[in-house]
Amino acid sequence: MQGVSSFRTTLSRTALGALAGLVAAFTALSMAELAAGLVRPAAGPVTVVGGAVIDRTPAAVKDFAIRTFGENDKVVLQLGILAVLAVIAIALGALALRHRSAAAAGILLFGIVGAAAALSRPDATGIADALPSMAGGAAGALTLYFLASKAAPSSAPSSADDLSRRGFLVAAGTTAVVAGSVGGLGRFLSGRQGQGAVASRDGLVLPKPASPARAVAPGVQLKVPGISPFTTPNREFYRVDTALNVPRVDAAIWRLRIGGKGVTRPRTYTLDELLARPLIERDITLTCVSNEVGGPYVGTARWLGVPLADLLQEAGVRPPSQGGTADQLVARSVDGMTLGSPVEDVMDGRDAMLAVGMNGEPLPFDHGFPVRMVVPGLYGYVSACKWITDIELTTFDAYDPYWVKRKWARRAPIKTQARIDTPKPFAGPAAGTVLVAGVAWAQHRGITRVEVRIDDGPWRDADLAPQATADTWRQWSYPWRATTGGHTITVRATDGTGQTQTEQRTPTIPDGASGRHSVFVTVP
């Protein structure tokens, strides 16, 4: 019985130690939240460590995360970081019962790691970025040392031991409440820092375009249940980026710099200066390179912006075909992301722009407010820089931007693709006429033909909706006389150059997926 009692006592003490570790970790994160609210929200330890993890994650793993979790990949990462911290905190709490100083030093070490991660971020603003992690580490270390002293083994009688346990629980509970209040204050302060950005967006009135988009012709949107809308609403437009916290940039203080190789007249623009220029409005379909065959990371919006080629020409830039010395345009965002675009492509006459509006409103924060790049025909990772703040002209030989360093291709024109929107995979449509429908895209080349095949039968031409522009996707439909049994429906598209999309399957890495989309259905 004495052995059982001793085991229960040890187990109870271990539980108290684990609780001490968790409370210490919570205190550390709360203090870091407060310090980040005072310094810079983006310098919070979870954000900077998460960013460091993203930067060091192999491209194949990132691609898997996007495919598996979609736009929730960052939430999953943050929850994973917190789970790992919780496990480590429990272990340190148990260690603190016997070695308080060593366990407290362990928490302090995590603060140092967070500080190093903050200073290594491409958007780091100075030594102040290390303060949130260091403050959190120090607070967590002191908390663990204090609580461990309350939970440490003693030789006191059982009744005194019960009082000691209750004293520990009171101390732990009080500490957690105080830490929660501190964290809440930190979140409040972080929110206040973004109020200027929210106010600047709410107060922005977009000017009318000097070159408006053509009205969407009748029939461009097919009346087929289940097909993607021609224009993707902002709230449904895909978002794929590495920002754990969406940057909230105050448009009043935002600036865009243009400089680098071949720039004879460097310029810096305010948002008001860009809005005062002649703006163009265009319907353009964007596609993410992480979009698998048949995937969801593609959408069409009506973009309003400044022609990028005009700004480059005014800065003295010439494309390589006209003797220019720079063949790569490197765009940098406020969070340090770098994307590289071919200068020749952005100056070849296509509607490449610095967009300020999306579907009739200022850019949403998720999609790059106040200004982002849009280049028809190129995958987003080489063209669609959000929250852009700097354009540097250079060469592909001289500089590798973010994704190229991670083994993605330097140049990435969008591949011709078609997708079946309806019927859905494993659907059970009734026998008879079933309308198969979807979208096809080959930005800047256009779609001229879509064909559908049932099982191993012949390819049949689908009916095409009118092509809005060569830079947008095109809807299609095919009336299928469905018969009982299981069937595989496959689609393929032909672009404006006469090239039919290949049936060869390739992964998204290094320059986009290829292959033909198919769905399997069972007709009862």
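Below, each value reflects all heavy atoms present in this structure, side chains not excepted, and no hydrogens, waters or symmetry copies. The chain is numbered in sequence order, starting from 1.
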Check: T497/D495 side-chain N/O donor and acceptor closer than 3.5 Å: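 Distance-only check passes for T497 and D495.
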Filter on side chain to side chain donor-acceptor pair (under 3.5 Å), then keep only pairs touching residues 278-292, sequence neighbours left out; what's left?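 Matches after skipping sequence neighbours: D63-S290, R67-E292, S211-R282, R282-D351, D283-R302, T285-T300, T287-Q443.
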More than 12 heavy atoms of other residues, nucleotides or ligands under 6.0 Å from [atom1] of [X]: is that the case?
| X | atom1 | result |
| --- | --- | --- |
| E503 | CD | no |
| D456 | CG | no |
| Q322 | CD | yes |
| K407 | NZ | no |
| R214 | CZ | no |
| R192 | CZ | no |

So, R239 side chain and H367 main chain: donor-acceptor pair closer than 3.5 Å or not?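 Side chain of R239 to backbone of H367, a donor-acceptor pair under 3.5 Å: no, none is there.
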Do the numbers put R406 on top of the ring of Y402, so that NZ or CZ is under 6.0 Å from the six-membered ring centre and no more than 45° off the axis?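 The answer is yes, since R406 meets both limits relative to Y402.
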Cation-pi geometry met for R410 and F396 (6.0 Å, 45°):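 R410 over F396 ring: no.
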Could you go through the side-chain contact (heavy atoms from CB on, under 4.5 Å) check for W476 and V436 one step at a time? CA-CA 8 Å; W476 57 269; V436 182; 3.9 Å; yes
Assess whether a salt bridge exists between [X] and [Y], defined as any Lys/Arg side-chain N lying under 4.0 Å from an Asp/Glu carboxylate O.
| X | Y | answer |
| --- | --- | --- |
| K386 | D335 | no |
| R40 | D129 | yes |
| E344 | R411 | no |
| E392 | R332 | yes |
| R453 | E451 | no |
| R419 | D421 | yes |
| R449 | D461 | yes |

For the residue pair Y381 and W408, does the interplanar ring angle fall in the parallel (under 30°), tilted (30 to 60°) or perpendicular (over 60°) class?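 Y381 vs W408 ring planes: tilted.
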Look at the aromatic rings of W473 and W441 and report parallel, tilted or perpendicular, splitting at 30° and 60°.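 W473 vs W441 ring planes: tilted.
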How far apart are the C-alpha atoms of H487 and F520, what are their side-chain angles, what is the distance that settles it, and do they pass the ring-ring contact (aromatic ring centres under 6.0 Å, His included) test? CA-CA 6 Å; H487 299 281; F520 180 82; 8.1 Å; no
Separation of [Y] [atom2] from [X] [atom1] (nearest 0.5 Å):
| X | Y | atom1 | atom2 | result |
| --- | --- | --- | --- | --- |
| R248 | F365 | CZ | CZ | 5.0 Å |
| L354 | R277 | CG | CZ | 9.5 Å |
| E33 | T47 | CD | OG1 | 8.0 Å |

Which is it for D390 and R257 under the salt bridge (charged side-chain N to carboxylate O under 4.0 Å, His left out) test, yes or no, and what are the steps along the way? CA-CA 5 Å; D390 185 90; R257 186 191 75 88; 2.6 Å; yes
Would you please test R201 and E361 for salt bridge (charged side-chain N to carboxylate O under 4.0 Å, His left out) and show each step? CA-CA 10 Å; R201 183 180 183 274; E361 65 177 79; 2.6 Å; yes
The test is side-chain hydrogen bond (donor to acceptor under 3.5 Å, both in side chains); show your working for S514 and T506 and say whether it passes. CA-CA 5 Å; S514 67; T506 62; 2.7 Å; yes
